[in-house]
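Some notes on the structure that comes next.
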Amino acid sequence: MLRVAPALLGKILASRSPAGELTAGRIVEVEAYREDDPASHSHRGVTPRTRTMFGPAGHLYVYFTYGMHWCCNVVVGPPGVGAAVLLRAVEPVLGEEIMWSRRAAARTSRDLASGPARTTQALGLDGSHDGVDLLDEGAAVALLDDGNPPRGRRRRGPRIGIRQATEKPWRWWLDGNPHVSRR
DNA sequence: CTATAGATGCCCT
DNA sequence: GGGCATCTATAGC
């Protein structure tokens, strides 16, 4: 997991809405979560919410939080192991106009997807996408590699927005990228 | 620019 | 009932 998380930097997350609207973003910030980690949803074992986290790698784990926000993760590790990588920010690469329409509160392009809930909203994702196989190119959401190496150096540091295990340096981002959630 | 408060509902104990 | 892998508006400098 700690290897996969930084490897996702620079990859593309693409989605197709029921109306056929295509949006995609380049991943610029991620965080890793795993079972032996008190901050992880999987720490307390399989529950209705975390079922997807314990499923096969490469599927999308989407959860609801703070009464209003959806956030999405890439599941990693073998079935039975509860680990995932939270997608914290993407750089828009396709369908930016559609993202503007979905993100009414955004004032600058950096507001479009600089945060996990913003990213999920900009890509039009919600709980209905929980469990989608990201490696199935026909699915509504897919994880792609366009061959371009990530721009900027990979950096790592403590995770954001958690109250447990705040010391673990399990957040990675592309140094200097303006779409990262905090700088 | 930074700091802070409030929104809002699901999950799990 | 407590807490939450967040965001936004607003106030103040």
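Any value given below was found using the heavy atoms of this structure, including those in side chains, with hydrogens, waters and symmetry copies removed.
Atom C1' of nucleotide B:dG9 and atom CZ of A:Arg49 are separated by 12 Å, given to the nearest angstrom. When rounded to the nearest whole Å, the span between CG of A:Asp130 and C1' of B:dC10 equals 14 Å. At whole-Å resolution of the value, CZ in A:Arg182 and P in B:dC1 are 15 Å apart. The interatomic distance linking A:Trp70 (CH2) with B:dG9 (C1') rounds to 11 Å, in whole Å.
At a threshold of 4.5 Å between side-chain heavy atoms, the hydrophobic network of Ile, Leu, Val, Met, Phe, Trp and Tyr places A:Met99 and A:Leu13 in one connected group. A:Val141 and A:Ile98 sit in two unconnected hydrophobic clusters of ILVMFWY residues. Membership requires side-chain heavy atoms under 4.5 Å apart, directly or through other members.
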**Study point:** Residues A:His59, A:Asp133; criterion side-chain contact (heavy atoms from CB on, under 4.5 Å); working and verdict
**Key:** CA-CA 4 Å; A:His59 288 229; A:Asp133 181 0; 3.7 Å; yes
Exercise for review: Apply side chain to side chain donor-acceptor pair (under 3.5 Å) to the pair A:Arg102 and A:Gln121, showing each step before the final yes or no.
Suggested key: CA-CA 7 Å; A:Arg102 290 171 177 160; A:Gln121 188 178 25; over 6 Å; no
Practice item. Begin with the C-alpha distance, continue with both residues' side-chain angles, and end with the deciding distance and a verdict on side-chain contact (heavy atoms from CB on, under 4.5 Å) for A:Arg26 and A:Asn148. Key: CA-CA 10 Å; A:Arg26 187 177 305 279; A:Asn148 294 330; 3.8 Å; yes
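Counting non-hydrogen atoms under 4.0 angstrom, A:Arg171 reaches nothing in the nucleic acid. Within the 4.0 angstrom heavy-atom criterion, base atoms lie near A:Tyr33. If you check every strand for non-hydrogen atoms under 4.0 Å, A:Arg159 touches nothing. Note on A:Ala39: a base of the nucleic acid sits closer than 4.0 angstrom, heavy atoms only. Residue A:Leu86 is in base contact, counting any heavy-atom pair closer than 4.0 Å across all strands shown.
For A:Asp175, the salt bridge (charged side-chain N to carboxylate O under 4.0 Å, His left out) partners are A:Arg155, not counting sequence neighbours.
No more than 12 heavy atoms of other residues, nucleotides or ligands lie within 6.0 Å of CD in A:Glu137, so this atom counts as exposed by the packing criterion.
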Check your understanding: In dot-bracket notation, what is the pairing pattern of DNA chain B, taking Watson-Crick (N1-N3 plus N6-O4 or O6-N4) and G-U wobble (N1-O2 and O6-N3) contacts under 3.5 Å, with [ ] crossing and | for other strands?
Key -> |||||||.||||.
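Residues A:Arg118 and A:Ser42 each lie close to DNA chain C; by heavy-atom proximity, the contact nearer the 5' end of the strand is made by A:Ser42.
Ring planes of A:Trp70 and A:Phe64: tilted class, angle from 30 to 60°.
In the 5' to 3' direction, nucleotides of DNA chain C lying under 4.0 Å from heavy atoms of chain A begin and end at C:dC4 to C:dT8.
Under the side chain to side chain contact (heavy atoms under 4.5 Å, CB included) test applied with A:Cys71, the options A:Tyr66, A:Tyr63, A:Tyr61 reduce to a single match, A:Tyr63.
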